[in-house]
Asker: 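Pasting a structure below so you can have a look.
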Amino acid sequence: MRDFFAEELEALRKRALDRHLREISSAQGPEVVIAGRHFINFSSNDYLGLANDPRLREAAASAFDEFGVGAGASRLISGTQSPHLRLERALAKWKGTEAALCFSSGYAAALGTIPALVTKNDVILLDKLCHASLIDGAKLSGTVLRVFPHNHVGKLESHLEWARREHPGKRVLIITESVFSMDGDLAPLRELVQLKKQFGALLMLDEAHAIGVIGLNGRGLAAAENVSEEVDVQMGTLSKALGASGGYICGSRTLIEWLINRARSFIYSTALPPGIAAAALAAVDFLASPEGEERKLLLWQKIRLTHELLPGGGLNRKSNAASSAIFPWIVGDEQAALDLASALQREGFLVPAIRYPSVAKGAARLRITVTASHKEDQIRALGAAIKKMTKHE
Ligand SMILES: Cc1ncc(COP(=O)(O)O)c(C=O)c1O
């Protein structure tokens, strides 16, 4: 029989789009071990260095002791254990919403939530650079989907006018991210809120890369811009700055009750392991504390230093000031991005090459992420290595 997969893999390889797993034989942190060699890790979303924090490890260990490893069933059957409910109460309190709901991942949160928010003839308006989970959730909903150019408020407004004209009386859902995962820039949230109010639309905001990074106690961009009440659906993940695993939706009590009844990735999937829920709760408690705020400020010291040290004021940054912990170095060509990642790896740095379909074809890049746990020397060394490489480009 013809081996279709081998042929397709070969085609991927020819376009420098093949992907491979890499075995990390250490915990997450600013340094990781691959094949016995230590690398300085600028590839992780563990922005606050919590993934291997003793508070989270102890919370997980003690919940695993008390509740066992697996949740045993979906949340609506018998999978809801005390750590899940404690976590949801803490999330709602921290985010300042009436209620919260946890999912097994951020991806599952998007996939379950978006189709529950709209029906077939409603309209979704999605930012062009939204994460795959939001795109997939929007596609799965089977509703009318329009994409607006990245952060283009004018185009969004004309899409909203179009929706009002062509789909009168239908629900319109605007979906965007607060910090864009591959570019690190911010959504113009206040302007989006203005538009959503003007057109009576719903707004869903994915705060995956803003949580723990932006706003007082890392509550995210909606809180920082003081528009939380206007963001109907606040999505986030427990898997990045919170150092654990899982996703969440925060919002009104009726929204959460509706999702419990309609979000299929919530209903038909086993609950988060209780130890993971307990670890995420420890992370939320930490972030909400003065010590958590200090850690976030420490992260910002590292972000500013990175911005200062990368050539061109932060490579291809769109503005003069750093806006998040993500620094894209846009190279364009896929093979060139792979080559640069390999060259950095030879120098002892782990920086991933991001290629299509994670970003557009011809927009390949290195995605540098900095965390609160990086030492200044490590950031300086990366800056020097990149400067040397860009001189020879
Ligand atoms: C913007 C954004 N949303 C959602 C997710 C999915 O979150 P999780 O990794 O928890 O599934 C990611 C993760 O890569 C992301 O970058």
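Since this is a predicted model, take the numbers as computed values, not measurements. Both counts, for ligands and for their atoms, begin at 1 and track the order of listing.
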Asker: Using atom types as modelled, flag every donor-acceptor pair under 3.5 Å from a side chain in residues 349-357 to any protein atom, sequence neighbours excluded.
Answerer:
from: R355; atom 1: NH1; to: A16; atom 2: O; distance (Å): 2.6
from: R355; atom 1: NH1; to: D18; atom 2: O; distance (Å): 3.0
from: R355; atom 1: NH2; to: D18; atom 2: O; distance (Å): 3.0

Asker: Can you confirm if the NZ or CZ of R367 lies within 45° of the ring axis of W329 and under 6.0 Å from the centre of its six-membered ring?
Answerer: no

Asker: For R55, is there an ion pair with D53 - N to carboxylate O distance below 4.0 angstrom?
Answerer: yes

Asker: For the ring pair H150 and F180, is the centre-to-centre distance below 6.0 Å?
Answerer: yes

Asker: For ligand 1, find each of its N or O atoms that sits under 3.5 Å from a protein N or O atom, and tabulate the pairs with distances to one decimal place.
Answerer:
from: ligand 1; atom 1: 3 (N); to: D206; atom 2: OD2; distance (Å): 2.5
from: ligand 1; atom 1: 10 (O); to: G106; atom 2: N; distance (Å): 2.8
from: ligand 1; atom 1: 10 (O); to: T237; atom 2: OG1; distance (Å): 2.8
from: ligand 1; atom 1: 10 (O); to: S239; atom 2: OG; distance (Å): 2.6
from: ligand 1; atom 1: 11 (O); to: G106; atom 2: N; distance (Å): 3.1
from: ligand 1; atom 1: 11 (O); to: Y107; atom 2: N; distance (Å): 2.9
from: ligand 1; atom 1: 14 (O); to: H131; atom 2: NE2; distance (Å): 3.3
from: ligand 1; atom 1: 14 (O); to: K240; atom 2: NZ; distance (Å): 2.8
from: ligand 1; atom 1: 16 (O); to: H209; atom 2: NE2; distance (Å): 2.7

Asker: Does the separation of the ring centres of F42 and H374 fall below 6.0 angstrom?
Answerer: yes

Asker: Between V227 and I175, is there a shared hydrophobic cluster once you connect ILVMFWY residues whose side-chain heavy atoms come closer than 4.5 Å?
Answerer: no

